[in-house]
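Reviewing the structure listed below.
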Amino acid sequence: MRQTSAVGTGLIATALFLCSTSCWAQAPGRSGSPPAPPPSAQPGLPRAGNIPSTPPAALPGMPGAGNNGATPGAGTPGRPQAGNGARTDFRGLAPLPTTPATILAAEVQPIDLATALRLAGVQNPDINIARRRILISVAERQLAAAYFLPSINPGANYDTHTGVLQQSNGNMLSVNRSAVYVGAGSNAVAAGTVNVPGVFLQENVGLGIYNYLATRQVVRQREFQTLAVRNEILLQVTLAYSELLRAEGRRAVQSQARDEARTIAKLTADFARSGQGRDADANRAATALALREADIQKAEADVLTASATLCQLLNLDPSIRLHPTDAFIVPHPLVPDPIPVKELIAIGMLNRPELAAQRAAIQAALMYLSGARILPFSPNLMVGFSAGGFGGGSNLVRPIFGNFSGRTDADFIGYWTIQNLGLGNIALIRQASARLQVAQFEQVAILNMVREQVAEAYAKAHARYSQIGTYESAVRAGFLSYHEDLDRIRDVAGNAPNRVLPIELLNSFNLLAMSRLSYLDLIIDFNRAQFEMYVALGQPPADVLAQPAPVEGVYPRNLQPMGGPAPAPGAAPRPANVPQASSAAPAPAVAAGGVAAAPRVVLASVPAGSRPVAAEAVANSAGGARRSRPIPPPADVASVLKPQAQ
């Protein structure tokens, strides 16, 4: 009670102290200056009960923060003055952000896709675990085969007895006897057989045969499962390498965008200082530059993350920064386009190791079911053979310990077993039958998974492929738009400054940067879809994917082919098994042997510092058709596909 009273007294005292302090602080005349008039009494401001009487604090980099030497409320034209102080003037140029230090280490470990796949095949723990499981199943198969071989039991025993024994007629004898046995077997006592035979075989014939056949199927199942694990791990390595390429490519694109954003920021700042532009436009360009700097930092973090993921799959130290050696990021078509999706699904069903492993599991379940059914009719055999030296004696026969000589015993036993009055055998048969049905339903589930994976990868690959031309055109158009605006600003800066402003360049720059990243992501996603499709097909050999080269060639609808006229508007439609491609990215022709050519990227050459020029069109002397001569892509667009080297 005393403690409660003391606590209550303390709380009351604290509340009174705070109340008095608050009242003292709100009392007029305490601060040494008259209180601020209510908002309604200030000239030039509308009546609002919640408008503060003092201007907000100056932001960093704005006037009033000490950056430009401007004084808040220094008489802004056209702005009303409030009370004793003026409103804050937000005009002024913010300083351009500086480039932060990189988080990437200077030392890198170069690696290519082939090296990564070889390392994964040797060092990946999941693949090694799957291989060891094969060894376990092989050992189980060997054990099942050795089930038909006898066991050898060498040994010896010494037996002694002191006291009475009962004869078969009930007569009691006082006997002190002893015996010794040495040889193949053990536990030889008196007139009985050797209880532990020297060579012993005990088996159920039917159970041993079907168990051995089942273990053979289990070995095949483990082998196919190891192939499936290897394919999955190698796919993960390939996808991780693709993500590393994506991260490096995005870092290169963001670095180029940062340099262009700095150019725009400097132009808008120069226009603002000369009075030809607004400070707000310059600050907006500086904001865009700061965001680009942040994008580079995020891209560097993505590079480290992708490198660590690849190191984890290769069983390497994640502190090592892996750097891809690919000079350019280009499409990698692995599966020829003319193959229809139905045929691809059939190829996957024949080549997927998961389905082969499940077929072996079904065969093993059938063997176990057959063994359970034959168990009541299969005899149990016991064969024993012993040979060794035996001797001894008793107080009734002299000598007490002696008479050693050779001894041989052979035993043959056979019997049948009906477990638990037959109910145990019925339960074993039902259990094996249920396991067989489970294996069959699992095969259906795996079959559906394979078909879904093939169809999904097919859709992704063809969707990405059809978008290559579109995004390629977007990069080209964005490049032309950006440089046209940039040249226009530089050309008319001294002649007609009021006709154009540098801030107009920002929209073209954002579209160009966005199209570059989208183009890069599209090619990476196309390669990922191709790798996924190839693994979904079970990594078939090249002759399985070989297709005859079409004589008339493969070209998109309504696109003028090389050396021939374009199809007429009323002509027959293209075959259903030939995917439609964009006009900017023709479908790859399938060469002899079934190897598809990579999609061609045909861009106009743009010399550095000049306007882009159109690709030269040359006449085809054979067919009279005109075609564009493939020219290397410009440095601006080629950088989208080229990872940046550290």
Side-chain angles (χ1 to χ4, degrees), residues 111-117 119-120 124 228-253 299 302-303 305-314 322-337 339 341 344-345 347-348 352 449-472 475 515-540 545 579 581-582 585 587-588 595-599 601 640-643:
I111 190 173
D112 58 1
L113 181 57
T115 302
L117 294 177
L119 287 175
N124 186 268
V229 171
R230 187 202 65 175
N231 292 350
E232 181 63 26
I233 294 301
L234 295 184
L235 175 61
Q236 293 181 12
V237 170
T238 304
L239 298 183
Y241 186 84
S242 300
E243 291 304 316
L244 182 60
L245 277 177
R246 187 200 302 270
E248 293 283 1
R250 292 182 71 91
R251 176 170 170 261
V253 171
D302 294 339
V303 169
T305 302
S307 176
T309 302
L310 185 57
C311 287
Q312 183 264 333
L313 293 172
L314 302 182
L322 301 178
H323 181 72
T325 59
D326 300 58
F328 288 89
I329 302 176
V330 296
H332 293 287
L334 300 177
V335 181
D337 286 337
I339 303 180
V341 64
L344 292 176
I345 292 177
I347 293 175
R352 281 294 289 268
M449 180 193 69
V450 170
R451 293 189 295 186
E452 186 271 336
Q453 290 179 353
V454 173
E456 181 181 0
Y458 180 87
K460 288 182 179 179
H462 284 71
R464 303 292 187 271
Y465 181 79
S466 63
Q467 294 173 348
I468 289 180
T470 303
Y471 280 96
E472 182 182 316
V475 173
S515 61
R516 286 172 180 162
L517 293 176
S518 300
Y519 190 35
L520 172 66
D521 291 338
L522 176 66
I523 294 181
I524 295 295
D525 292 339
F526 172 77
N527 292 339
R528 286 173 58 98
Q530 285 288 326
F531 292 134
E532 291 174 353
M533 183 187 299
Y534 187 63
V535 173
L537 296 177
Q539 296 190 8
L545 299 177
S582 173
V595 180
V601 180
V640 178
L641 307 179
K642 184 175 183 180

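- Listed for the S242 side chain is no donor-acceptor partner under 3.5 Å among the backbone atoms of I524.
- Summarising the geometry of G249 relative to I329, their closest heavy-atom pair is CA-CD1, 4.4 Å, with the distance given to 0.1 Å.
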- Item | CA sep, side-chain torsions, deciding dist, call: R250, D521, salt bridge (charged side-chain N to carboxylate O under 4.0 Å, His left out) | CA-CA 9 Å; R250 292 182 71 91; D521 291 338; 2.7 Å; yes

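- Here D112 pairs with T115 under the side-chain hydrogen bond (donor to acceptor under 3.5 Å, both in side chains) rule; sequence neighbours left out.
- Shortest non-hydrogen contact noted between A457 and A529 is CB-O, 4.0 Å.
- Here the closest non-hydrogen pair linking P540 and Y534 is O-OH, 3.3 Å.
- Within the 4.5 Å cutoff, the side chain of E532 has heavy atoms near those of the L239 side chain.
- With rounding to the nearest 0.5 Å, the separation of CD in Q467 from CD in E472 is 13.5 Å.
- Here the closest heavy-atom approach between residue L244 and residue V303 is recorded as CD1-O, 3.9 Å.
- No hydrogens or angles considered: nothing links the side chains of Y241 and N527 as a donor-acceptor pair under 3.5 Å.
- In this structure, CG in N124 is found 11.0 Å from CG in L117, a value given to the nearest 0.5 Å.
- At a threshold of 4.0 Å, the pair K460-D525 does not count as salt-bridged, since none of the basic side-chain nitrogens sits closer than that to a carboxylate oxygen.
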- Task: Determine, step by step, whether L314 and I111 satisfy the side chain to side chain contact (heavy atoms under 4.5 Å, CB included) criterion, reporting the C-alpha distance in whole Å, the side-chain angles of both residues, the deciding distance to 0.1 Å, and the verdict.
- Result: CA-CA 11 Å; L314 302 182; I111 190 173; 3.8 Å; yes

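- Rounded to the nearest 0.5 angstrom, E232 CD and L235 CG are separated by 5.5 Å.
- Scanning both residues, P331 and I523, for their nearest heavy atoms gives N-CG2, 3.8 Å.
- We find the CD-CD distance between Q236 and Q312 to be 8.0 Å, quoted to the nearest 0.5 Å.
- Atom OG1 in T238 sits 12.5 Å away from atom CD in Q530 (nearest 0.5 Å).
- Between R246 and L520, the closest heavy-atom pair is O-CD2, 3.9 Å.
- Note that CG of L310 is 11.0 Å distant from CD of E243, once rounded to the nearest 0.5 Å.
- When I345, V341, I339 are each tested for a side-chain contact (heavy atoms from CB on, under 4.5 Å) with Y458, only one passes: V341.
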